[in-house]
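The structure under discussion appears below in the form of structure tokens.
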Amino acid sequence: MKSLTRSRDDKWIGGVCGGIGQHTDIDPNLIRVAAVVLTVLGFGTVLIAYLIAWMLVPLSGRTVTVVTPVDPTDPAPGPPSP
């Protein structure tokens with residue numbers, strides 16, 4: 001079962017519409033258009049829901065930091081050459 005997450009790759013503002021599109025297998029651009037239309041027709045209600053989702057829905061995946069080990073036998077790096 002897929003969980004709802006914000007998209008890291010398919011985002012314009014916060015990745016909420018991209019995440020909903022990935023979760024429901026619907027084109028995120030259709031969700032964006034629907035969000036804009038419903039925001040205009042609903043006097044900003046969808047905008048408030050979007051902002052709440054932006055704060056509560058986690059980002060997809062995780063960021064991996066690669067740390068390179070330091071060899072203690074290597075000399076200290078010098079200044080860059082001109």
Side-chain angles (χ1 to χ4, degrees):
M1 179 176 186
K2 293 191 285 187
S3 62
L4 179 60
T5 57
R6 291 186 291 135
S7 175
R8 287 183 184 270
D9 303 324
D10 190 8
K11 69 178 187 176
W12 285 8
I13 298 173
V16 175
C17 292
I20 292 171
Q22 290 172 355
H23 183 72
T24 59
D25 294 326
I26 297 175
D27 184 14
N29 291 321
L30 294 176
I31 295 172
R32 289 181 184 108
V33 170
V36 169
V37 169
L38 291 173
T39 298
V40 171
L41 295 178
F43 304 106
T45 306
V46 173
L47 180 62
I48 294 169
Y50 184 92
L51 294 173
I52 291 170
W54 192 356
M55 290 186 285
L56 296 179
V57 176
L59 276 171
S60 64
R62 61 179 181 206
T63 305
V64 177
T65 304
V66 178
V67 178
T68 306
V70 177
D71 185 4
T73 61
D74 285 342
S81 58

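Owing to the predicted nature of the structure, the values given are computational and were not obtained by experimental measurement. What's counted below: heavy atoms across the whole structure, side chains too, no hydrogens, waters or symmetry copies.
Applying the salt bridge (charged side-chain N to carboxylate O under 4.0 Å, His left out) test to pairs two or more places apart or on separate chains, none has a residue in residues 47-58.
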Just distance, no hydrogens or angles: give the donor-acceptor pairs under 3.5 Å from side chains in residues 46-53, sequence neighbours left out.
{"from": "Tyr50", "atom 1": "OH", "to": "Gly14", "atom 2": "N", "distance (Å)": "3.1"}

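Within the model, atoms CG of Leu30 and SG of Cys17 stand 11.0 Å from one another, a figure rounded to the nearest 0.5 Å.
Taking Val37 as the reference, Val33, Leu41 meet the side chain to side chain contact (heavy atoms under 4.5 Å, CB included) condition, with sequence neighbours excluded. A search for side-chain hydrogen bond (donor to acceptor under 3.5 Å, both in side chains) contacts involving Asp25 returns Lys2, not counting sequence neighbours. Here Arg32 pairs with Asp10 under the salt bridge (Lys or Arg N to Asp or Glu O under 4.0 Å) rule; sequence neighbours left out. For Thr5, the side-chain hydrogen bond (donor to acceptor under 3.5 Å, both in side chains) criterion is met by no residue, not counting sequence neighbours.
Under the 4.5 Å side-chain criterion, counting only non-hydrogen atoms from C-beta, Ile31 is in contact with Ile26.
Shown here for Gly21 and Pro28, the closest heavy-atom pair between the two residues is CA-CG, 4.3 Å. Listed here is the closest heavy atom pair of Val16 and Arg6: CG2-CD, 3.8 Å.
In the hydrophobic clustering of this structure, Val36 does not group with Ile20; members are Ile, Leu, Val, Met, Phe, Trp, Tyr whose side-chain heavy atoms approach within less than 4.5 Å, directly or through other members.
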